[in-house]
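Before any comments, here is the structure.
Just so you know, these numbers come straight off a predicted model, no measurement behind them.
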Amino acid sequence: AEARAYFDQFKERSQALAKKQVSDLELDDFLARLFLTEGKKADEISSRTKNAQAEVKRLFVDGKGNQMQGVRGTAWALYNAVTEFIDYERSTKGDKENRLVSSWFGSGAGLREEAFALLSK
């Protein structure tokens, strides 16, 4: 029963994200909050973080499935971009198994949850 309630809530929130268009300003604000660069000057942000933000921005437009009508330009597309970044693009120590563990249980899981929370506000 608890799993069903969680899935129903996730479905509702996901559908809401698919209805919400994201402006360039909202995109930049989201990336600053997600990667903890809000209020920092460009020279205070590491190249790795800047590259991560740029990659999520690129995936928001060009990521898997994000070109589809009804997805393109939405908060759901932005969540997809973060997920694709975590699962396929983000550097992790070790092999593919470490990437999976990070994605599901480690820092990748935390980043994914934070992205969903920020987009669901």
Inset, instruction - Show your working on side chain to side chain contact (heavy atoms under 4.5 Å, CB included) between Leu17 and Thr74 and close with a plain yes or no. - result: CA-CA 7 Å; Leu17 294 180; Thr74 66; over 6 Å; no
Inset, instruction - Check step by step if side chain to side chain contact (heavy atoms under 4.5 Å, CB included) holds for Asn80 and Val71. - result: CA-CA 10 Å; Asn80 284 342; Val71 175; 4.2 Å; yes
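Nearest heavy-atom pair across Ala115 and Tyr79 is CB-CD1, 4.4 Å. Residues Phe85 and Ala52 approach most closely at CZ-CB, 3.5 Å, considering heavy atoms. Across all their heavy atoms, Leu119 and Lys20 have their closest contact at O-NZ, 4.0 Å. What you find for Leu27 and Val22 is that their closest heavy atoms are N-CG1, 3.7 Å. Of all heavy-atom pairs between Ala81 and Phe60, the closest is CB-N, 3.4 Å.
Remark: the backbone N or O of Ala42 is paired with a side-chain donor or acceptor of Lys50 at under 3.5 angstrom. Thr49 places no side-chain N or O within donor-acceptor distance of the main-chain N or O of Ile45, the cut-off being under 3.5 Å. Glu26 places a side-chain N or O within donor-acceptor distance of the main-chain N or O of Ser23, the cut-off being under 3.5 Å. Without hydrogens or angle criteria, Asp29 side chain to Leu25 main chain gives no donor-acceptor distance under 3.5 Å. A donor-acceptor contact shorter than 3.5 Å links the side chain of Gln53 to the backbone of Leu31. The closest donor-acceptor contact from the side chain of Asn66 to the backbone of Val61 lies at 3.5 Å or more, if one exists at all. A donor-acceptor pair is defined here as one N or O able to donate and one able to accept, closer than 3.5 Å; no such pair exists between the side chain of Glu84 and the backbone of Leu59.
By the salt bridge (Lys or Arg N to Asp or Glu O under 4.0 Å) test, Arg72 pairs with no residue at all, sequence neighbours left out.
Side-chain contact between Val56 and Leu78 is present, with heavy atoms from C-beta onward closer than 4.5 Å.
Salt bridge status for Glu44 with Lys41: absent, with no side-chain N to carboxylate O gap under 4.0 Å.
Once rounded to the nearest 0.5 Å, the distance linking NZ of Lys40 with CZ of Phe35 reads 12.5 Å. Note: Lys11 NZ to Arg4 CZ = 7.5 Å, rounded to the nearest 0.5 Å. Here the CZ atom belonging to Phe116 is positioned 13.5 Å from the NZ atom belonging to Lys121, to the nearest 0.5 angstrom.
Leu36 and Ile86 are assigned to two separate hydrophobic clusters, defined by single-linkage of ILVMFWY side chains at heavy-atom distances under 4.5 Å.
Residue Asp8 places its CG atom among more than 12 non-hydrogen atoms of other residues, nucleotides or ligands, all under 6.0 Å distant.
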